[in-house]
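For reference, positions follow the sequence shown, starting with 1. Just so we're clear, the structure is a prediction, and the values are computed from it rather than from any experiment.
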Amino acid sequence: MNELSQQEILDTTARCVMQTYARYPVALVRGEGCRVWDAAGREYLDFVGGLAVNGLGHGHPALVGAIREQAGRLIHVSNLYHIGAQAALAELLVSNAFADKVFFCNSGAEANEAAIKLARKVAKDRGKTDCYEIVTMRRSFHGRTLAAMSATGQENIHRGFEPIVPGFHYVPFNDLAAAKEAVTARTCAVLVEPVQGEGGVHPADAAYLPALRELCDQQGALLIFDEVQCGMGRTGKLFAYEHYRTAPDIMTLAKSLAGGVPIGAMLATDAVAKSFSPGTHASTFGGNPLACAAGTAVMETLLADGFLEGVQARSRHFEARLRELKARHPSIRELRIRGLMVGLELNVDGAPLVTQCLERGFLINCTMGNVLRFLPPLIVTDAEIDRLVNTLDELLP
Ligand SMILES: Cc1ncc(COP(=O)(O)O)c(C=O)c1O
């Protein structure tokens, strides 16, 4: 394949790719660790990390080695047969989480679709009639497929696609009284991100998730955690719910689970998982050997001695540096940080800052209009964090 120039890539994209993204005028073609290069040879420090996908950074030897090895042996076979790589990843997941069983798919939205279907099916199997409602949070994000979009508590994301899937009720995040009012005998589940990501990096309050657990138990509803963004070591623990001394019935994962190879997973307890029997749900690519071999390499790396402690240490360094920054810049309204999931809420529009950072060789993201969001590879170094913070110091009003 002939390598296209940066301009050719931009032009061809404009001509041939549906315009669902407002893209920066940069085509990234190579990466190593936390650095990426564009087609013009320019280097950037990556604090977007594929939006929480590149947990191990770019070109991590364990991940690349596992993908190469598996690609040479077997890329795909049907789920009509047993798949060794799938069994191995499932075992690693269940032995390190609350869950007993895993269903594999290909993305976060699909994992949430599976969770929504499973919650409805469990209610049916328990003989509950008219019990299909799901309470979700305002400012949440669960994906772009029809049911995941409908679960998402942001009206601007529904606009133009109505009627949305019925049965979703949105309550303010971290507001237990509102959840108590919304959860009724018709509620089959409560769906919540332990740390809201797209919504602007908002962690659940310490007492909120345990209280939702109690509420769900009282009402006979399931508790679903969407850890698509905040799972897989992002918060300094393998799963974000571990910070809360509580556990869900169902949890969804995707993004960094296979370090950039498309994958999604829905984990559940046996009591719940048994409602999915042959013929109730499926995915052609779900749990394929290539994706699962990548997922196993990611899991083994995260579980290796000292890895998550390292994430926590770098989070402390990042936090200390950002607190200094906040003290110097009145344009910073609030800092919210869990591990290496970082939101810096500004009093001003964040978009110009993102462009200025790009011009200086830093990839950062802005969500909700004014929240600068940093989701670097978990292997980011203190020195790389310092380079970003020093640049923000020069740019912020
Ligand atoms: C919490 C959460 N859930 C679900 C999704 C959807 O994942 P995907 O884009 O892989 O469908 C996202 C994506 O940003 C997310 O952050």
So, do [X] and [Y] sit near enough that their side-chain heavy atoms are less than 4.5 Å apart?
X: L388; Y: F318; answer: yes
X: C357; Y: L395; answer: yes
X: L74; Y: V77; answer: yes
X: R139; Y: M368; answer: yes
X: V272; Y: L222; answer: yes
X: D349; Y: N370; answer: no
X: L93; Y: L253; answer: yes
X: V380; Y: H317; answer: no

Is the backbone of [Y] close enough, under 3.5 Å, to the side chain of [X] for a donor and an acceptor to pair up by distance?
X: R213; Y: T246; result: no
X: N79; Y: S283; result: yes
X: H329; Y: P397; result: yes
X: Q70; Y: R68; result: no
X: E227; Y: P194; result: no
X: T152; Y: Q154; result: no
X: H243; Y: T235; result: yes
X: T136; Y: A151; result: yes
X: N174; Y: A204; result: no
X: E242; Y: F239; result: yes

Lys/Arg N to Asp/Glu carboxylate O, [X] vs [Y], below 4.0 Å:
X: R387; Y: E384; result: no
X: E334; Y: R336; result: yes
X: E198; Y: R373; result: yes
X: D386; Y: R321; result: yes
X: R159; Y: E155; result: no
X: R328; Y: D393; result: yes

Separation between [atom1] of [X] and [atom2] of [Y], rounded to the nearest 0.5 Å:
X: L215; Y: L223; atom1: CG; atom2: CG; answer: 9.0 Å
X: M266; Y: K117; atom1: CE; atom2: NZ; answer: 9.5 Å
X: E300; Y: L63; atom1: CD; atom2: CG; answer: 11.5 Å

Aromatic plane relationship, Y241 with F225 - under 30° parallel, 30 to 60° tilted, over 60° perpendicular: tilted
Should the pair F374 and F47 be assigned to parallel (<30°), tilted (30 to 60°) or perpendicular (>60°) ring geometry? perpendicular
Quiz question: by atom type and distance under 3.5 Å, do the side chains of [X] and [Y] form a donor-acceptor pair?
X: S275; Y: D125; value: yes
X: N54; Y: H60; value: no
X: E394; Y: N390; value: no
X: T145; Y: E113; value: yes
X: N112; Y: T252; value: yes

Checking side-chain contact (heavy atoms from CB on, under 4.5 Å) for the pair L303/L92: CA distance, chi angles, key distance, verdict? CA-CA 10 Å; L303 291 170; L92 262 179; 3.9 Å; yes
Check whether more than 12 heavy atoms from other residues, nucleotides or ligands sit under 6.0 Å from atom CD of E8, and answer yes or no. yes
Within a 6.0 Å radius of atom CD on E69, are there more than 12 heavy atoms belonging to other residues, nucleotides or ligands? yes
Looking at F103 versus H281, is the centre-to-centre ring distance below 6.0 Å? yes
Decide ring pair (Phe, Tyr, Trp, His ring centres under 6.0 Å) for H202 and F173; before the verdict, give the C-alpha distance in whole Å, the side-chain angles of both, and the deciding distance to 0.1 Å. CA-CA 9 Å; H202 292 276; F173 185 57; 7.1 Å; no
After noting the C-alpha distance and the side-chain angles of L346 and R333, does the key distance pass the side-chain contact (heavy atoms from CB on, under 4.5 Å) rule? CA-CA 5 Å; L346 307 179; R333 185 182 293 154; over 6 Å; no
What do the steps show when you test M299 against L89 for side-chain contact (heavy atoms from CB on, under 4.5 Å), and what is the final call? CA-CA 8 Å; M299 278 291 284; L89 178 57; 3.9 Å; yes
Applying a strict under-4.5 Å side-chain criterion to I, L, V, M, F, W and Y, I'd like to know whether V348 and V201 cluster together. yes
Given the rule that I, L, V, M, F, W and Y join up when any side-chain heavy atoms are under 4.5 Å apart, are L378 and V389 in one cluster? yes
Hey, mind stepping through D270 and K101 against salt bridge (Lys or Arg N to Asp or Glu O under 4.0 Å) and telling me if it holds? CA-CA 6 Å; D270 266 335; K101 295 282 193 297; 2.8 Å; yes
Among P203, C230, S315, the one residue meeting side chain to side chain contact (heavy atoms under 4.5 Å, CB included) with R338: P203
